[in-house]
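Since the structure comes first, as structure tokens, the remarks are kept for the end.
Atoms considered below: every heavy atom in the structure, side chains included; atoms not considered: hydrogens, waters and symmetry mates.
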2 protein chains.
Amino acid sequence: MSFPSDPLVPARRAGRRPASSRAAIEEAAGELFLENTYGGTTIEQITTRAGVSRASFFNYFRAKSDLLWGDVDVLIADVASRLSVQRHDVAPLDGIRSAIISLVADITPDRIPLAITQWELMGVREDLLASGLPRFAALAAIVQRHLESRCHLAPALETRAAAFAVVGAVAAASELWASGGPERGSFSGMLDRAITPVCEGFARSVR
Amino acid sequence: MSFPSDPLVPARRAGRRPASSRAAIEEAAGELFLENTYGGTTIEQITTRAGVSRASFFNYFRAKSDLLWGDVDVLIADVASRLSVQRHDVAPLDGIRSAIISLVADITPDRIPLAITQWELMGVREDLLASGLPRFAALAAIVQRHLESRCHLAPALETRAAAFAVVGAVAAASELWASGGPERGSFSGMLDRAITPVCEGFARSVR
DNA sequence: GAGATAGTTGGACCGGGTACAACAATACGC
DNA sequence: GCGTATTGTTGTACCCGGTCCAACTATCTC
């Protein structure tokens, strides 16, 4: 049972109901990207197939490239909360590694963004890169904040470098895992192998 | 004295002379960015001030954001040649570190891109980020190629992770150095402090 | 019903980027 | 000097992503 004040059920008070949904637009976009590549698909084509107006697209996404990153943004935002519940007696860098690994363990195959699994089919490399750095920068900022809050010995340069290096390792593992065929190993294992050396390297200067 | 076949002096053979130059456009752009920020300046304003047509802009730059990266692109390209002359008896990762550090040692203050020294004045963060990842990816690819060519023990995952982590450290040091005031330390020293832990961490798995 | 509210839509507009054809200036062989 | 190939410049038309906004529509509550 849900109460009117239940915060989990927004309890719509008024207003017209959404005629579409992120999912519907994402689905239409995914089809078109596979047919015509990302660059060869216009927003208008996407919204037309989804049965919405072009103007509505921007009610659901801030940019076309958001379609490529699907759940990645929410995953990144999730990192912060997973970091905050880390115990204080584990080394900060180890906490970061386990937080990130625990995150990907929760990923179900259907939540993996199309752009990642279909990579080259969509001819999407350049656009992915262009829209990617802000995401990685956001993740790095989260990691760095955590390091600064948990470390006694933590010069700004080293925390920042460690954060960026961790994110770099994550990116490397993600890209390799994404482009790997079906015989690729587990994502968690790859992330571990990529991140652990970074943690070891910075263990002395960031703790 | 220069001979007609001197490859360093292209010895113009025919054709109209350039009416403008990259430098002239960069200068006009720099002024306008300081006056109106990057986002508040149009390509047309830039070319008008430089006394060229808008169409000509794209003879000199592939995109507006190229103006932000000035010499960075040539520096990145330079890394490859500096890596190729590394002796084979130094650890590959150490070679990468010293190649990068030697590179910045050659930077004269006047070659530092405006966008880096004027950072926040130009309100340029988002655009820098958006156009930055392709550059960093290019650098990472160079680093990774070098690792693969020099390493006996080098699984693809680890070389890629090491390359990305190194680039992350470089990015962190660069950003911190760029945003630091006049009392900031030496760029080389900061790079060293940022990269060394990465090299140490990957020394075991990439060699 | 009357509001208030939330969502949709069309249209105007801006600016980056591409494509291309016409034009201008230079070097060279004759 | 004169054609000609070459190189660079310019105007123009166009596409597309993204912003802005005012009009409209459907829903909820009183």
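One N or O on the side chain of B:T41 and one on the backbone of B:T37 form a donor-acceptor pair closer than 3.5 Å.
A straight line from CZ of A:R22 to C1' of C:dG7 spans 16 Å, rounded to a whole angstrom. The interatomic distance linking B:N59 (CG) with C:dA24 (C1') rounds to 14 Å, in whole Å. Atom pair A:R17:CZ and C:dT5:P shows a separation of 19 Å (rounding to whole Å applied). Rounded to whole angstrom, the span from the OH atom of B:Y60 across to the C1' atom of C:dG16 amounts to 20 Å. Taking atom NZ of A:K64 as the reference point, atom P of D:dC15 lies 15 Å away to the nearest angstrom. If you measure from atom CD of A:E44 to atom P of C:dT9, you get 13 Å, rounded to the nearest angstrom. As a whole-Å value, the separation of A:I43 CD1 from D:dC15 P is 16 Å. A straight line from CG of A:L67 to P of D:dG18 spans 10 Å, rounded to a whole angstrom.
Only B:V52, B:S53, B:A55, B:S56, listed by number, bring a heavy atom of residues 48-58 of chain B to less than 4.0 angstrom from any atom of DNA chain D.
Between B:V170 and B:I195, the shortest heavy-atom distance links the atoms CG2-CD1, 3.8 Å.
Residue B:F61 is out of contact with every strand shown, counting any heavy-atom pair closer than 4.0 Å. The residue B:T41 sits close only to the backbone: its heavy atoms come under 4.0 Å of sugar-phosphate atoms, none of a base. Residue-level contact check: A:S21 touches neither bases nor backbone, having no heavy atom under 4.0 Å from any strand.
Here A:R16 does not reach the OP1 or OP2 of D:dC24: none of its side-chain N or O atoms lies under 4.0 Å away.
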Inset, instruction - Kindly determine whether A:E26 and A:F61 satisfy side chain to side chain contact (heavy atoms under 4.5 Å, CB included), including the steps that lead there. - result: CA-CA 10 Å; A:E26 273 168 350; A:F61 303 91; 3.8 Å; yes
Given the rule in the salt bridge (charged side-chain N to carboxylate O under 4.0 Å, His left out) test, do A:E200 and A:R97 qualify, once you have shown the distances and angles that lead to the verdict?
CA-CA 11 Å; A:E200 289 173 356; A:R97 181 185 52 206; over 6 Å; no
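The residue from A:R62, A:R135, A:R22 that alone fulfils the salt bridge (charged side-chain N to carboxylate O under 4.0 Å, His left out) condition with A:D73 is A:R135.
In this structure, the separation between OG on A:S174 and CZ on A:F187 is 3.5 Å, given to the nearest 0.5 Å.
Both tests pass for B:K64 against the ring of B:Y38: distance under 6.0 Å to the centre and angle within 45° of the axis.
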